[in-house]
Amino acid sequence: MSTNAQSPIGVFDSGIGGLTVVRALMERLPYENIVYFGDTARVPYGVKSVDTITHFTTQIAQFLLEKDVKLLVIACNTMAAVASHVVKDLSSVPVLDVIDAGAVSARGGKRIGVIGTPTTINSNAYARAIHEYAPDSRIHSQACALFVPLVEEGWLDHEVTRLTAQDYLKPLMAERIDTLVLGCTHYPLLKPLLSQVVGEGVNLVDSAEAMAEQVARLLADKKLANPGPAQPRYDFHVTDVPLRFQTIGERFLGRSLNNVHMVKW
Ligand code: DGL
(Lines give C-alpha, C1' and ligand atoms only; values in the text may rest on other atoms or scores of the structure.)
Protein backbone atom coordinates (compact mmCIF):
# COMPACT_ATOMS: atom_id res chain seq x y z
CA MET A 1 0.00 0.00 0.00
CA SER A 2 1.43 3.39 -0.92
CA THR A 3 -0.02 6.84 -0.43
CA ASN A 4 1.06 10.21 -1.80
CA ALA A 5 -0.30 13.73 -2.28
CA GLN A 6 -2.69 12.52 -4.97
CA SER A 7 -4.19 9.87 -2.68
CA PRO A 8 -7.66 10.67 -1.38
CA ILE A 9 -8.61 11.79 2.11
CA GLY A 10 -10.85 9.17 3.76
CA VAL A 11 -13.77 10.70 5.65
CA PHE A 12 -16.34 8.65 7.53
CA ASP A 13 -19.53 9.01 9.47
CA SER A 14 -22.51 7.01 10.68
CA GLY A 15 -24.56 8.31 7.74
CA ILE A 16 -25.24 11.62 6.05
CA GLY A 17 -23.99 14.02 8.73
CA GLY A 18 -20.29 13.78 7.90
CA LEU A 19 -21.07 15.56 4.64
CA THR A 20 -20.89 18.81 6.65
CA VAL A 21 -17.20 17.97 7.14
CA VAL A 22 -16.81 17.04 3.46
CA ARG A 23 -18.36 20.38 2.53
CA ALA A 24 -15.92 22.27 4.73
CA LEU A 25 -13.02 20.25 3.25
CA MET A 26 -14.17 20.93 -0.33
CA GLU A 27 -14.29 24.66 0.41
CA ARG A 28 -11.00 24.83 2.32
CA LEU A 29 -9.03 22.33 0.17
CA PRO A 30 -10.53 22.38 -3.33
CA TYR A 31 -7.81 20.19 -4.93
CA GLU A 32 -8.14 17.22 -2.60
CA ASN A 33 -9.66 13.91 -3.67
CA ILE A 34 -12.11 12.55 -1.08
CA VAL A 35 -13.52 9.10 -0.39
CA TYR A 36 -16.48 9.22 1.97
CA PHE A 37 -18.12 6.38 3.85
CA GLY A 38 -21.58 6.74 5.42
CA ASP A 39 -23.05 3.78 7.27
CA THR A 40 -26.61 4.58 6.22
CA ALA A 41 -27.90 1.05 6.93
CA ARG A 42 -26.97 1.25 10.62
CA VAL A 43 -27.38 4.95 11.44
CA PRO A 44 -28.04 6.41 14.02
CA TYR A 45 -25.00 5.64 16.17
CA GLY A 46 -25.75 8.36 18.72
CA VAL A 47 -27.96 6.10 20.83
CA LYS A 48 -25.92 2.88 20.43
CA SER A 49 -23.51 1.21 22.85
CA VAL A 50 -19.75 1.69 22.90
CA ASP A 51 -19.12 -1.95 21.86
CA THR A 52 -21.40 -1.75 18.86
CA ILE A 53 -19.98 1.57 17.70
CA THR A 54 -16.40 0.32 18.14
CA HIS A 55 -17.14 -2.74 16.02
CA PHE A 56 -18.75 -0.68 13.22
CA THR A 57 -16.00 1.94 13.34
CA THR A 58 -13.24 -0.66 12.93
CA GLN A 59 -14.98 -2.13 9.90
CA ILE A 60 -15.31 1.28 8.22
CA ALA A 61 -11.74 2.38 8.95
CA GLN A 62 -10.42 -0.85 7.43
CA PHE A 63 -12.58 -0.35 4.33
CA LEU A 64 -11.13 3.12 3.77
CA LEU A 65 -7.54 2.07 4.43
CA GLU A 66 -7.95 -0.47 1.63
CA LYS A 67 -8.74 2.48 -0.66
CA ASP A 68 -5.21 3.77 0.00
CA VAL A 69 -6.28 6.98 1.70
CA LYS A 70 -3.48 9.31 2.88
CA LEU A 71 -5.39 10.43 5.96
CA LEU A 72 -8.46 9.30 7.92
CA VAL A 73 -10.95 11.85 9.17
CA ILE A 74 -13.45 10.68 11.78
CA ALA A 75 -16.25 13.08 10.90
CA CYS A 76 -18.78 11.52 13.29
CA ASN A 77 -18.66 12.94 16.80
CA THR A 78 -20.17 9.80 18.28
CA MET A 79 -17.49 7.55 16.72
CA ALA A 80 -14.79 10.03 17.71
CA ALA A 81 -16.11 10.06 21.28
CA VAL A 82 -15.92 6.33 21.89
CA ALA A 83 -13.70 4.74 19.24
CA SER A 84 -11.03 7.17 18.02
CA HIS A 85 -8.29 5.29 19.93
CA VAL A 86 -9.22 2.09 18.09
CA VAL A 87 -8.88 3.80 14.71
CA LYS A 88 -5.56 5.37 15.72
CA ASP A 89 -4.24 1.95 16.80
CA LEU A 90 -5.10 0.19 13.57
CA SER A 91 -4.34 2.95 11.06
CA SER A 92 -1.15 3.14 9.03
CA VAL A 93 -1.94 6.78 8.08
CA PRO A 94 -2.61 9.84 10.30
CA VAL A 95 -6.04 10.05 11.93
CA LEU A 96 -7.89 13.26 12.82
CA ASP A 97 -11.18 13.44 14.67
CA VAL A 98 -13.82 16.14 14.98
CA ILE A 99 -13.76 16.17 18.78
CA ASP A 100 -10.13 17.13 18.95
CA ALA A 101 -10.68 19.74 16.22
CA GLY A 102 -13.67 21.21 18.06
CA ALA A 103 -11.81 21.23 21.38
CA VAL A 104 -8.90 23.20 19.91
CA SER A 105 -11.31 25.82 18.54
CA ALA A 106 -13.15 26.11 21.86
CA ARG A 107 -10.02 26.80 23.89
CA GLY A 108 -10.63 30.58 24.08
CA GLY A 109 -13.82 30.00 26.09
CA LYS A 110 -14.19 30.20 29.87
CA ARG A 111 -17.68 28.75 30.26
CA ILE A 112 -18.11 26.30 27.45
CA GLY A 113 -21.34 24.53 26.51
CA VAL A 114 -21.16 21.29 24.53
CA ILE A 115 -24.12 19.75 22.73
CA GLY A 116 -24.17 16.35 21.01
CA THR A 117 -25.86 12.97 20.79
CA PRO A 118 -26.54 11.08 24.06
CA THR A 119 -23.58 8.71 23.45
CA THR A 120 -21.19 11.60 22.78
CA ILE A 121 -22.30 13.51 25.87
CA ASN A 122 -22.31 10.42 28.12
CA SER A 123 -18.75 9.59 27.04
CA ASN A 124 -17.48 12.92 28.41
CA ALA A 125 -14.99 12.94 25.52
CA TYR A 126 -15.48 16.64 24.72
CA ALA A 127 -14.95 17.71 28.32
CA ARG A 128 -11.71 15.68 28.46
CA ALA A 129 -10.47 17.04 25.13
CA ILE A 130 -11.34 20.67 25.95
CA HIS A 131 -9.64 20.44 29.34
CA GLU A 132 -6.42 19.45 27.61
CA TYR A 133 -6.35 22.78 25.78
CA ALA A 134 -8.22 24.95 28.29
CA PRO A 135 -7.66 23.43 31.77
CA ASP A 136 -9.36 26.33 33.57
CA SER A 137 -12.55 26.32 31.56
CA ARG A 138 -15.87 25.11 32.94
CA ILE A 139 -17.76 22.70 30.72
CA HIS A 140 -21.52 22.25 30.68
CA SER A 141 -22.86 19.47 28.47
CA GLN A 142 -26.29 18.74 27.10
CA ALA A 143 -27.50 15.82 24.97
CA CYS A 144 -29.85 16.95 22.19
CA ALA A 145 -31.24 13.69 20.80
CA LEU A 146 -34.00 15.34 18.78
CA PHE A 147 -31.76 17.58 16.68
CA VAL A 148 -30.57 14.81 14.32
CA PRO A 149 -34.08 13.82 13.11
CA LEU A 150 -35.17 17.47 12.95
CA VAL A 151 -32.23 18.34 10.70
CA GLU A 152 -32.79 15.30 8.50
CA GLU A 153 -36.43 16.36 8.19
CA GLY A 154 -35.17 19.71 6.89
CA TRP A 155 -36.73 21.66 9.77
CA LEU A 156 -33.80 24.03 10.02
CA ASP A 157 -35.89 27.13 10.67
CA HIS A 158 -39.05 25.58 12.07
CA GLU A 159 -40.94 26.61 15.18
CA VAL A 160 -40.71 23.07 16.59
CA THR A 161 -36.93 23.14 16.23
CA ARG A 162 -36.74 26.57 17.84
CA LEU A 163 -38.80 25.45 20.86
CA THR A 164 -36.74 22.26 21.13
CA ALA A 165 -33.53 24.27 21.04
CA GLN A 166 -34.78 26.72 23.67
CA ASP A 167 -35.59 23.84 25.96
CA TYR A 168 -32.30 21.99 25.47
CA LEU A 169 -30.21 25.13 25.80
CA LYS A 170 -31.97 26.56 28.85
CA PRO A 171 -29.64 24.89 31.39
CA LEU A 172 -26.57 26.00 29.43
CA MET A 173 -27.82 29.59 29.20
CA ALA A 174 -28.44 29.52 32.96
CA GLU A 175 -24.70 28.83 33.33
CA ARG A 176 -24.02 31.93 31.18
CA ILE A 177 -21.87 30.08 28.66
CA ASP A 178 -19.65 32.18 26.37
CA THR A 179 -18.96 29.37 23.86
CA LEU A 180 -21.16 26.63 22.43
CA VAL A 181 -19.52 23.63 20.74
CA LEU A 182 -21.70 22.05 18.05
CA GLY A 183 -20.64 18.50 18.90
CA CYS A 184 -22.55 16.62 16.24
CA THR A 185 -22.26 16.46 12.46
CA HIS A 186 -25.81 17.71 11.96
CA TYR A 187 -25.66 20.83 14.08
CA PRO A 188 -23.78 23.14 11.69
CA LEU A 189 -27.01 23.22 9.68
CA LEU A 190 -28.76 24.66 12.73
CA LYS A 191 -26.21 27.42 13.19
CA PRO A 192 -28.50 30.35 12.21
CA LEU A 193 -31.29 29.13 14.50
CA LEU A 194 -28.96 28.29 17.38
CA SER A 195 -27.24 31.65 17.24
CA GLN A 196 -30.65 33.34 17.49
CA VAL A 197 -31.51 31.19 20.51
CA VAL A 198 -28.22 31.75 22.39
CA GLY A 199 -27.69 35.34 21.24
CA GLU A 200 -24.72 37.09 19.66
CA GLY A 201 -22.56 37.01 22.77
CA VAL A 202 -22.04 33.26 22.53
CA ASN A 203 -19.34 32.00 20.19
CA LEU A 204 -20.51 28.96 18.17
CA VAL A 205 -17.79 26.40 17.43
CA ASP A 206 -18.47 24.49 14.23
CA SER A 207 -16.34 21.36 14.40
CA ALA A 208 -16.63 20.82 10.61
CA GLU A 209 -14.82 24.10 9.90
CA ALA A 210 -12.33 23.40 12.68
CA MET A 211 -11.62 20.01 11.12
CA ALA A 212 -10.98 21.49 7.67
CA GLU A 213 -8.36 23.77 9.25
CA GLN A 214 -6.66 20.85 11.02
CA VAL A 215 -6.58 18.81 7.80
CA ALA A 216 -5.05 21.73 5.87
CA ARG A 217 -2.35 22.13 8.51
CA LEU A 218 -1.53 18.43 8.70
CA LEU A 219 -1.29 18.03 4.91
CA ALA A 220 0.99 21.06 4.68
CA ASP A 221 3.22 19.81 7.54
CA LYS A 222 3.53 16.34 6.03
CA LYS A 223 3.93 17.69 2.49
CA LEU A 224 0.90 15.67 1.48
CA ALA A 225 -1.27 18.49 0.10
CA ASN A 226 -2.47 17.82 -3.43
CA PRO A 227 -1.08 20.67 -5.56
CA GLY A 228 -3.88 20.39 -8.15
CA PRO A 229 -5.01 21.83 -10.46
CA ALA A 230 -6.71 18.64 -11.70
CA GLN A 231 -10.43 18.33 -11.02
CA PRO A 232 -10.71 16.40 -7.72
CA ARG A 233 -12.59 13.14 -7.53
CA TYR A 234 -15.27 12.62 -4.88
CA ASP A 235 -16.57 9.11 -4.15
CA PHE A 236 -19.26 8.22 -1.65
CA HIS A 237 -19.87 4.74 -0.23
CA VAL A 238 -23.04 3.92 1.68
CA THR A 239 -24.44 0.71 3.17
CA ASP A 240 -28.12 1.24 2.31
CA VAL A 241 -29.75 2.06 -1.03
CA PRO A 242 -28.42 5.52 -1.92
CA LEU A 243 -31.71 7.37 -2.62
CA ARG A 244 -32.21 9.01 0.80
CA PHE A 245 -28.49 9.70 1.16
CA GLN A 246 -28.50 11.46 -2.18
CA THR A 247 -31.60 13.58 -1.56
CA ILE A 248 -30.82 14.70 1.98
CA GLY A 249 -27.08 14.68 1.36
CA GLU A 250 -27.31 17.41 -1.26
CA ARG A 251 -28.69 19.73 1.42
CA PHE A 252 -25.76 18.92 3.71
CA LEU A 253 -23.23 19.25 0.93
CA GLY A 254 -24.72 22.32 -0.74
CA ARG A 255 -24.12 20.81 -4.17
CA SER A 256 -25.14 17.78 -6.22
CA LEU A 257 -23.96 14.37 -5.11
CA ASN A 258 -22.61 11.96 -7.72
CA ASN A 259 -20.51 8.78 -7.61
CA VAL A 260 -22.53 7.18 -4.81
CA HIS A 261 -21.75 3.46 -4.48
CA MET A 262 -23.56 0.92 -2.37
CA VAL A 263 -21.48 -1.41 -0.18
CA LYS A 264 -23.18 -4.68 0.76
CA TRP A 265 -22.13 -5.86 4.21
N1 DGL B 1 -22.95 11.53 13.06
C2 DGL B 1 -23.48 11.51 14.40
C3 DGL B 1 -22.65 12.45 15.29
O4 DGL B 1 -21.95 13.32 14.83
C5 DGL B 1 -24.93 11.90 14.43
C6 DGL B 1 -25.86 10.87 13.82
C7 DGL B 1 -25.90 9.56 14.58
O8 DGL B 1 -26.45 9.53 15.70
O9 DGL B 1 -25.38 8.59 14.06
O10 DGL B 1 -22.68 12.30 16.48
Side-chain angles (χ1 to χ4, degrees), residues 10-25 36-61 64 72-84 86-87 95-103 105-106 113-129 141-156 161 164 168 180-191 194 204-212 214 236-240 244-245 248-249 251-253:
V11 182
F12 62 100
D13 177 53
S14 53
I16 295 164
L19 293 175
T20 52
V21 174
V22 173
R23 179 180 190 158
L25 286 172
Y36 179 85
F37 192 100
D39 195 2
T40 48
R42 302 187 290 199
V43 71
Y45 281 19
V47 287
K48 289 191 170 69
S49 71
V50 173
D51 277 0
T52 300
I53 296 166
T54 304
H55 172 62
F56 293 170
T57 306
T58 307
Q59 224 179 347
I60 298 168
L64 286 174
L72 278 177
V73 173
I74 310 178
C76 176
N77 291 259
T78 305
M79 285 198 246
V82 301
S84 69
V86 179
V87 181
V95 178
L96 292 177
D97 75 71
V98 269
I99 293 197
D100 189 65
S105 293
V114 179
I115 51 175
T117 64
T119 302
T120 298
I121 297 305
N122 290 339
S123 75
N124 230 15
Y126 261 108
R128 278 198 305 275
S141 305
Q142 175 68 46
C144 303
L146 293 173
F147 280 170
V148 166
L150 286 169
V151 169
E152 294 201 2
E153 194 58 32
W155 287 12
L156 307 181
T161 313
T164 308
Y168 279 143
L180 180 65
V181 179
L182 310 183
C184 173
T185 47
H186 289 56
Y187 303 175
L189 280 91
L190 291 176
K191 239 174 163 180
L194 291 175
L204 297 190
V205 173
D206 175 343
S207 44
E209 278 172 14
M211 175 51 87
Q214 277 209 351
F236 303 89
H237 299 272
V238 291
T239 46
D240 197 2
R244 183 178 154 85
F245 177 81
I248 304 182
R251 191 184 319 134
F252 278 69
L253 205 56

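Ligands are counted one by one from 1 in listed order, and the atoms in each one are counted from 1 as well.
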In a simple table, one pair per line, please give the protein and ligand 1 atom names for every N or O pair closer than 3.5 Å, along with the distance.
from: ligand 1; atom 1: 1 (N); to: D13; atom 2: OD1; distance (Å): 2.8
from: ligand 1; atom 1: 1 (N); to: S14; atom 2: OG; distance (Å): 3.2
from: ligand 1; atom 1: 1 (N); to: T185; atom 2: OG1; distance (Å): 2.9
from: ligand 1; atom 1: 4 (O); to: N77; atom 2: N; distance (Å): 3.1
from: ligand 1; atom 1: 4 (O); to: N77; atom 2: ND2; distance (Å): 3.3
from: ligand 1; atom 1: 4 (O); to: T185; atom 2: N; distance (Å): 3.0
from: ligand 1; atom 1: 4 (O); to: T185; atom 2: OG1; distance (Å): 3.2
from: ligand 1; atom 1: 8 (O); to: Y45; atom 2: N; distance (Å): 3.4
from: ligand 1; atom 1: 8 (O); to: G46; atom 2: N; distance (Å): 2.8
from: ligand 1; atom 1: 9 (O); to: S14; atom 2: OG; distance (Å): 2.6
from: ligand 1; atom 1: 9 (O); to: Y45; atom 2: N; distance (Å): 2.7
from: ligand 1; atom 1: 10 (O); to: T78; atom 2: N; distance (Å): 3.2
from: ligand 1; atom 1: 10 (O); to: T78; atom 2: OG1; distance (Å): 2.6

TODO: Scan residues 144-153 for pairs that pass side-chain hydrogen bond (donor to acceptor under 3.5 Å, both in side chains), counting only residues two or more places apart or in two chains.
DONE: E152-H186, E152-R244

TODO: Ignoring hydrogens and angles, state whether a donor on the side chain of N77 or Y187 is under 3.5 Å from an acceptor on the partner side chain.
DONE: no

Open item on the list: As a test of understanding, state which of T185, T119, T117 forms a side-chain hydrogen bond (donor to acceptor under 3.5 Å, both in side chains) with T78.
Closed with: T117

Task: By ring pair (Phe, Tyr, Trp, His ring centres under 6.0 Å) - contacts of Y126 (at least two apart) - done: none

Task: All ring pair (Phe, Tyr, Trp, His ring centres under 6.0 Å) counterparts of F12, not counting sequence neighbours - done: none

TODO: Report yes if some heavy atom in the side chain of T120 is under 4.5 Å from a heavy atom in the side chain of C184; otherwise report no.
DONE: no

